[in-house]
Structures are given as C-alpha cells and as structure tokens.
Asker: 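The following block contains the structure, expressed as structure tokens.
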Amino acid sequence: MNVHATALAKAHRFDEPTLAFAGDVIDDLSQHPKRLSPKYFYDAAGSELFEQITLLPEYYPTRTELSILRDRGSAISADIPKGAALVEFGAGATTKVRLLLSECAFGAYVPVDISGDFLKAQADALRKDFPSLDVYPVAADFTAPFALPDAVKAMPKVGFFPGSTLGNFEPHEACSFLRSARDILGQGAQMVIGVDLEKDERVLYHAYNDKAGVTARFNLNVLHRINRELDGNFDVSAFTHRAIYNRDRHRIEMHLISRKTQTVRVLGRGFSFRAGESIHTESSYKYSLERFVALARGSGWTPRESWTDEAKMFSVHALVASD
Ligand code: AVJ
C-alpha cells in the first residue's frame, strides 16, 4: 500500500483485518485489468447474500454437495480415526460440517476463518448441539500459513474444505494451498474436499446469472463494503454484474462493469474507469475428476476415493497425505 493510503488507514484507526483489506483494495484497483479478491465478498451483508444464493434454484453446488455428504457420509468417514481433530478451512453455514460431525466421533473441531464474528456465532451454535465436542476457532486467513491450537496438536487431523472454495484459486494457488494444508495438518492427515465439476455451459451460466438477481447483489456488495469500511464513494448503481464462462480456462468469471467514464475515490486515492471497463471480482474454476485428482497428487496428497452425484454435477474427494 502506498504511503499516503497507509497514513490514512492509520488515521482511521483501522484494525488488522481492515488494514489488510485496504492494502489489497488499493493494490488490486491499481492493476490493469482491475481486480478485487473474492475473499472480501463475505462481510455480514455478503455472507447473508451468499446464504440466499445457496437456496436459488439455479445454484446447484450447495444442495448437490450436501446430498453427496448425506448419501455417502459413512463411506467418506470410513477411514477417519476416532478422536481426530476436524479442521475446516473457511467457516460459513454449519450444515455441511454437522453431517461429518454426526457421522464420526471427532475429538475437536477447528474452524478457521478471517471473519472473527462469524466464527464466534458458528462455534456457539455447534457447542450447543455437540456439547462434548471441543471447538477451537482460529481467526486467520487460511490462504496463508497459520498455527493449529496446541490442544489439537497430538490428535490425528482431518481437513475439511467444502463448497468448491478451491475453485476461487488460480491453479498454481490451488496447488500451493493444498501443499500448505498438507504441511499444517501434518503426516498421516486426511482431507475431505468438495470440488465443482465442468458441465453444460448453460447450467454454469445460469448458476451465476440467476433470475432473481441475488448473485448480482452479492457481487455489487463488495463496492458497498469498500464505501462503508474504506471511506469509498463508489456509485454502486453505475456498475453492473457480469458473469461469463471462460471455456479455455475452465472457469466462471465474475466482473463488475463500469456503466460510464467515472473516477472513484477510496481512502483518498482516485481510480479512473472507462465506460465498459471491468473489475474482475471472482474466478470459479471447474474441474474434471481427472484434473482434480492430478492436482491433488501433485500437491502432496494421495486420492483415496471420489464421489459424485448421479448427474456428475459436483464431487467430494477423500485424500490422504502422501509421505
Ligand atoms: C463459494 C466460491 C464456491 O464460486 O460458486 C457463488 C461463490 N460466487 N456465486 C462459487 C459464488 C457467485 C462460490 N464459492
């Protein structure tokens, strides 16, 4: 972040996460093409909008993954030892993790997320329903290395990374994430991971261009968040949501398109937009089973088994740390 913006952020008395947000936004809007990281979608309003997305008729991933976890729960958990620590990368709704927690006798649950507020609410709800489970939330950005709580160090570890959040990473980032998860969880660890699959492009298109416009509001919310938290003056109505499938790169791309020539200020810095200029806000990579299994093998994991729904819309994989 440049000196001017740093001084302003300090003058605003930003906390650590807001400082990181400020630095990333200033850097990313200074790039050509402009971009923003999808990890900043999830403030309170964005998390609520994402929950609404998961219920949309067009958005198949959440319900399909849930059906796989439900139908294949016992096979997925078959090799998981009693008393293991379940480490979830990212903490959203607890619906999916509850399925695993009721399937095997975990010794501890470690949700890892940048949003401390969300973590606390999630941990409280789980403690109520699983009174004998020790919950150790870790407030950290799981895309960077972090330390596990001392209390779980001696337990066998199982990573959980549902929702095809892996799809948000560039392929090289997906590889380094899996390697780093392997290092954090250690020898003998296992991993349960949900990965969205390539499919008919129209199905993909509609999943990110829903009729009710919830995905558009979710995408645009990041501009409201910048206005709220970083003293921005985005005229949100001067941007439109666009989502397209990039066939060559096997990914959905979400963009925010400027409707006109305009200059926006964030933390006292000006950013100029041409009419039609894009901010690339998210990539959501879609894998074939073969490509994901090859990625896992090349990133320190041995695939144990893969499951899909009947229509092959979504996949869940059990991985074992390679020696
Ligand atoms: C949570 C990252 C998997 O890529 O489908 C949903 C986020 N973005 N609609 C996805 C999202 C637009 C979602 N992930």
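When reading the values below, keep in mind they use all heavy atoms of this one structure, side chains included, and skip hydrogens, waters and symmetry mates. Counting convention: from 1, in listed order, for ligands and their atoms alike. This chain uses plain numbering: 1 for the first residue, then up along the sequence. Note that the structure is a prediction, hence the values are computed from the model and not measured.
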Asker: Measuring from atom CG of L36 to atom CD of E282, what distance do you get when rounded to the nearest 0.5 angstrom?
Answerer: 11.5 Å
Asker: I'd like to know whether the aromatic ring centres of F239 and F273 sit less than 6.0 Å apart in this structure.
Answerer: yes
Asker: Under a 3.5 Å distance rule, please check whether R127 uses its side chain to pair with a backbone N or O of V135 as donor and acceptor.
Answerer: yes
Asker: To the nearest 0.1 Å, how far is atom 3 (C) of ligand 1 from its closest protein heavy atom, and which atom is that?
Answerer: G163 O, 2.8 Å
Asker: Before signing off on this row, confirm whether T215 and ligand 1 have an N or O atom pair separated by under 3.5 Å.
Answerer: no
Asker: Answer yes or no on whether R225 is positioned over the face of F21, meaning its NZ or CZ is under 6.0 Å from the six-membered ring centre and within 45° of the axis.
Answerer: yes
Asker: List every atom of ligand 1 that sits less than 4.0 Å from any heavy atom of F50, numbering the atoms from 1 in the order shown and giving each element.
Answerer: 1 (C), 6 (C), 7 (C)
Asker: Just so I know, are the side chains of F146 and I184 near enough to count as touching, which here means a heavy-atom distance under 4.5 Å?
Answerer: yes
Asker: Does T165 reach ligand 1 with a nitrogen or oxygen that is under 3.5 Å from one of the ligand's nitrogen or oxygen atoms?
Answerer: no
Asker: Around atom 13 (C) of ligand 1, find the nearest protein heavy atom and jot down its residue, atom name and distance.
Answerer: Y59 OH, 3.3 Å
Asker: To which protein heavy atom is atom 2 (C) of ligand 1 closest, and what is the distance rounded to 0.1 Å?
Answerer: N168 OD1, 3.2 Å
Asker: Side chain, backbone, both or neither: which part of Y60 has a heavy atom under 4.0 Å from ligand 1?
Answerer: neither
Asker: Backbone or side chain, does any N or O of S284 fall under 3.5 Å from an N or O of ligand 1?
Answerer: yes
Asker: Taking the basic N atoms (NZ, or NE/NH1/NH2) and the acidic carboxylate oxygens, is any pair closer than 4.0 Å for K211 and E58?
Answerer: no
Asker: Can F218 be said to touch ligand 1, with heavy atoms closer than 4.0 Å?
Answerer: yes
Asker: Measure the distances from the heavy atoms of Y42 to every atom of ligand 1 and state whether one is below 4.0 angstrom.
Answerer: yes
Asker: Using a strict 4.0 Å cut-off to heavy atoms of S164, name the atoms of ligand 1 that fall inside it.
Answerer: 3 (C)
Asker: Of the non-hydrogen atoms in L185 and K157, which two are nearest, and what is the gap between them?
Answerer: O-CG, 3.1 Å
Asker: Where the side chain of W307 meets the backbone of R72, is there a donor-acceptor pair that is under 3.5 Å apart?
Answerer: no
Asker: Return the residue, atom name and 0.1 Å-rounded distance of the protein heavy atom closest to atom 7 (C) of ligand 1.
Answerer: E282 OE2, 3.4 Å
